[in-house]
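Written below as structure tokens is the structure these notes are about.
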Amino acid sequence: MNAASPNSDIALLAEVAEAVRLQEGEMGVRAILQAFRQLAPAPTRAISRRTGLPLPIVAAVGNELRSRGLLGQERPSRLTERGLALAAELGVELNLDPDCYRCGGLEIAIPSVLNEAVERLRRIMADGPNADVSLDQSLCTAETKVRRVLALIRAGVLPGGSVLLVGDDDLVSVAIGVVGDVLGVPLASRVGVVDISTDILDHIADTASALDLRVDLEQHDLREPLPQRLRGQFDAGMTDPPYTAEGTRLFLSRVVEGLKPGAARNILFSFGAKGTEEMLEVQQEILGLGLVTHGMIRNFNSYEGSGILAGTGFLQHLLTTASTASLVEGTYEGPLYTREKRSRQREYECVSCSARFPVGAGARWNSVADLRDAGCPQCGGGPFRPLQLVAE
């Protein structure tokens, strides 16, 4: 690569950012370039996890770097000589991992005594219902379930406190019972679960019965206010809502409705990687509810088969204040799930034959899951690689 000025390097990064409409601009491209330098050879999923950028965005940036000869054609990907030279010019060659070697930066490590709990939860998951992607469901791993229970213990909620789970496709209610059983200590005085899915509730009920675990189950559409019998009853709440600002507002409002009055009640809130503007909306909803952040762990949650999130999401520890109040007192009637808000199409490329297809509202396939189920119309194969957004 010919010698280049710092300004030309920044211009190249800005050019890539503009091509994929990256909200993080050239610094986002720089972070991806640095991650490829440090992790190579690395799949797109690993780059997404390292940078905290959504998987489709990382894939689109990777394609732009590849088209400019900075990233090789092989999979998993690595920088070319030209890409390595650019990384050197940008000063992003430092190969240092500061994450804790024991917990991997997740702050909570699973002690060996709970390995049995992880294995038992894996078996329970295998018999459970599949994730419903139309409801933004992504089932977290058995390890994540145990870490969430440990997070409740670290927060001082367990043992002895009561917990309300607003949506529990992740079976945290069951994990509380399994962890308590393995430790020989009853962890929660009361576990409440509110979910719209009868399949999920039936699975929890069957499993809880086998564990001799008491779980207060309520089949309920969270667009409606929390049932009166659950309002103001719990010491803490946990939710992993639809990954929209509206989902944040609604699910956290229902959590708040279920908490006992008073400040410093604990809420553990899980969410997936989004762009900066979307995350600003999410954080504004949290502040609007009168909640404050007590802690946040990136990549805390790992999910199975969750391509859009690179299989990860953050855990935010929230506390109530004297100003905390539900923002949705009555029936909620607006958009909630990602599919209801998606207005832009994204182009996807078939890995088998390189054919490209628009996916999204107004296209032949409303989601990449629909395209995957149908198979490539050109060759009948797949899988499909996300590219850039289709210009409006």
Side-chain angles (χ1 to χ4, degrees), residues 128-140 148 152 162-174 176 190-205 215-261 265-272 274 278 281-291 301 303 306 313 315-316 318 320 324-342:
N130 295 324
D132 186 344
V133 294
S134 69
L135 300 180
D136 284 4
Q137 289 181 356
S138 299
L139 306 184
C140 74
R148 287 186 184 179
L152 287 166
S162 55
V163 183
L164 176 65
L165 299 159
V166 174
D168 194 26
D169 54 292
D170 287 321
L171 306 180
V172 176
S173 56
V174 173
I176 291 172
R190 182 183 182 187
V191 177
V193 175
V194 182
D195 205 290
I196 195 172
S197 170
T198 55
D199 289 341
I200 289 171
L201 294 174
D202 287 346
H203 184 56
I204 293 173
V215 183
D216 188 350
L217 302 174
E218 181 74 27
Q219 196 278 328
H220 184 70
D221 186 344
L222 290 165
R223 293 179 186 269
E224 300 295 330
L226 205 65
Q228 190 62 41
R229 73 178 189 85
L230 298 176
R231 296 172 74 95
Q233 299 294 308
F234 295 87
D235 298 311
M238 180 179 283
T239 190
D240 191 340
Y243 296 138
T244 62
E246 292 83 357
T248 297
R249 181 195 313 145
L250 179 62
F251 278 54
L252 283 179
S253 288
R254 300 312 183 213
V255 171
V256 166
E257 291 170 12
L259 295 181
K260 295 175 181 177
R265 298 292 179 190
N266 294 276
I267 299 175
L268 296 182
F269 165 70
S270 295
F271 207 79
K274 294 284 186 176
E278 291 172 285
E281 293 179 17
V282 169
Q283 297 303 315
Q284 286 173 334
E285 295 291 352
I286 291 171
L287 290 174
L289 282 153
L291 301 171
N301 299 295
Y303 299 92
S306 178
L315 179 76
Q316 192 166 357
L318 306 172
T320 60
T324 297
S326 171
L327 291 176
V328 191
E329 287 293 346
T331 300
Y332 178 77
E333 298 178 347
L336 182 58
Y337 300 105
T338 303
R339 60 184 169 81
E340 296 172 336
K341 293 194 65 182
R342 188 183 291 116

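Remember, predicted model here, so these are calculated numbers, not experimental data.
The closest side-chain heavy-atom distance from L289 to L318 is not below 4.5 Å. Put simply, the side chain of E285 does not reach to within 4.5 Å of the side chain of L252, judged on heavy atoms. Taking 4.5 Å as the limit, every side-chain heavy atom of F271 sits out of range of all side-chain heavy atoms of I286. With contacts defined as side-chain heavy-atom distances shorter than 4.5 Å, the pair N301/L315 qualifies. Using a 4.5 Å cut-off on side-chain heavy atoms (C-beta onward), N266 and D235 make no contact. For the pair L291/T320, a side-chain contact is recorded, criterion being any heavy-atom separation below 4.5 Å from C-beta on.
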Exercise for review: Begin with the C-alpha distance, continue with both residues' side-chain angles, and end with the deciding distance and a verdict on salt bridge (Lys or Arg N to Asp or Glu O under 4.0 Å) for K274 and E281.
Suggested key: CA-CA 11 Å; K274 294 284 186 176; E281 293 179 17; over 6 Å; no
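Between atom CZ of residue R249 and atom OH of residue Y332 there is a gap of 5.5 Å, rounded to the nearest 0.5 Å. Rounded to the nearest 0.5 angstrom, E218 CD and L230 CG are separated by 5.5 Å. Atom SG of residue C140 and atom CG of residue D169 lie 8.0 Å apart, to the nearest 0.5 angstrom. Atom CD1 of I267 and atom CG of L259 lie 5.0 Å apart (nearest 0.5 Å). Rounding to the nearest 0.5 Å places CG of D199 at 11.0 Å from CD1 of I204. Rounding to the nearest 0.5 Å places CG of D216 at 11.0 Å from CG of L165.
When all heavy atoms of P241 and S270 are compared, the closest pair comes out as CD-O, 3.1 Å. Nearest heavy-atom pair across G192 and F234 is N-CE2, 3.7 Å. In terms of heavy atoms, S173 sits closest to V215 at CB-CG1, 4.3 Å. Nearest approach of Y303 to G313, heavy atoms of both residues: CE1-N, 3.8 Å.
Side chain of T239 to main chain of V166: a donor-acceptor pair is present (N/O by atom type, distance under 3.5 Å, no hydrogens or angles). No donor-acceptor pair closer than 3.5 Å links the side chain of D240 to the backbone N or O of D170. With S253 contributing its side chain and L327 its backbone, the two residues share a donor-acceptor pair below 3.5 Å. Side-chain atoms of D221 come within 3.5 Å of backbone atoms of R223 as a donor-acceptor pair (strictly under, hydrogens ignored). A donor-acceptor pair under 3.5 Å is formed between the side chain of E257 and the backbone N or O of L226. D195 places a side-chain N or O within 3.5 Å of a backbone atom of D168 that can act as its donor or acceptor partner. A donor-acceptor contact shorter than 3.5 Å links the side chain of Q219 to the backbone of I196. Between the H220 side chain and the V193 main chain, no donor and acceptor come within less than 3.5 Å of each other. For R254 (side chain) and L222 (main-chain N/O), a donor-acceptor pair under 3.5 Å exists by modelled atom type.
Taking a cutoff of 4.0 Å between a charged side-chain nitrogen and a carboxylate oxygen, R231 and E329 qualify as a salt bridge.
Residues that satisfy the side-chain contact (heavy atoms from CB on, under 4.5 Å) test with Q233, not counting sequence neighbours, are R190.
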